[in-house]
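Everything numeric here is computed off the predicted structure, so don't read it as measured data. Each ligand, and each atom within it, is numbered from 1 in the order the structure gives. Any value given below was found using the heavy atoms of this structure, including those in side chains, with hydrogens, waters and symmetry copies removed.
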Amino acid sequence: MKFVDTHTHLYLDDFDDDRDIVIKNAVEDNVDILLNPNIDSSTIKELNYLTENYSGICFPMMGLHPTSVKENYTSELEIVEKELEKGKYYGVGEIGIDLYWDKTFKEQQLDAFRSQLKFAKKFKLPVSIHTRNSFEETYRIVKEELTGDLTGVFHCFTGTFDDARKIMDIGFFMGIGGVVTFKNSGLDKTVKDIPTEHLVLETDSPFLTPVPFRGKRNQSSYIKYIAEKIALTKNKDIAEIAEITTNNALNLFKTEI
Ligand SMILES: [Zn+2]
């Protein structure tokens with residue numbers, strides 16, 4: 001069995017004390033590819049340091065996270081575009097709309113999201129999309145920009161089956177993480193009906209730790225608990241979930257094990 005963690009932030013200082021061990025744990029548990037989306041200009045140095053030091057295991061994405069969209073977002077976007085021109089990134093992320101924490105910069109968030117979807121088309125890269133209390137707005141903009149071969153992942157999917165159907169309609173994927181293991185999330189019942197061909201796995205570490213480690217720091221080796229839970233709800237073998245989701249991720253992000 002081989003796994004891909006399609007969304008982790010291993011460059012954050014939560015891992016400063018034991019990054020080597022965390023990556024070793026992941027590889028020992030067959031999580032051989034760790035895709036790291038950026039947050040904003042303040043994290044680019046650490047992101048590049050990580051992916052250069054662990055090349056072949058850690059891969060970078062470049063983008064401006066919606067909660068980092070502020071007054072200066074156009075200059076942040078210029079930095080993102082300049083980075084993407086270097087040609088070393090595997091996706092545009094993490095991008096999207098977050099209306100849960102703060103709606104002050106809603107219009108700017110919408111604009112930044114649209115600009116970054118255009119970057120994805122220009123550089124022919126998949127996107128890693130963050131939505132929180134904003135599925136409708138996010139989906140509308142994706143559909144408006146849906147030309148060429150724009151594709152990607154709705155990361156940390158926690159929506160309804162109706163949302164899932166819309167995502168499948170446009171050929172995008174859903175990133176399933178620790179929330180599926182949470183007792184009252186109800187996400188397992190939705191995931192049960194979504195074909196595995198539309199799913200990829202992710203931890204979003206250090207956040208959203210799956211059961212049985214909920215409340216502690218998350219790490220990529222915990223992908224197995226997410227895969228196990230999906231296998232259980234679908235009444236399938238974990239090896240089948242691993243094989244299909246890994247193929248999905250490798251094809252989407254053009255990485256190889
Ligand atoms: Zn994230």
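In this pair, H198 and F173 present their aromatic rings tilted. The plane angle is within the 30 to 60° band.
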Quiz item: Hey, mind stepping through D111 and K106 against salt bridge (Lys or Arg N to Asp or Glu O under 4.0 Å) and telling me if it holds?
Solution: CA-CA 9 Å; D111 189 45; K106 182 179 175 183; over 6 Å; no
Quiz prompt | Test log, rule side chain to side chain donor-acceptor pair (under 3.5 Å), inputs D163 and Y139 | solution = CA-CA 9 Å; D163 298 338; Y139 188 74; over 6 Å; no
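Evaluation of the salt bridge (Lys or Arg N to Asp or Glu O under 4.0 Å) rule for E83 yields K86 as partners, not counting sequence neighbours. With sequence neighbours left out, D188 forms a salt bridge (Lys or Arg N to Asp or Glu O under 4.0 Å) with K229.
Around the Zn ion (ligand 1), protein N, O or S atoms at a distance under 2.8 Å total 4; waters are neither shown nor counted.
Grouping Ile, Leu, Val, Met, Phe, Trp and Tyr residues whose side-chain heavy atoms lie under 4.5 Å apart, directly or via other members, places W101 in a hydrophobic cluster with Y100.
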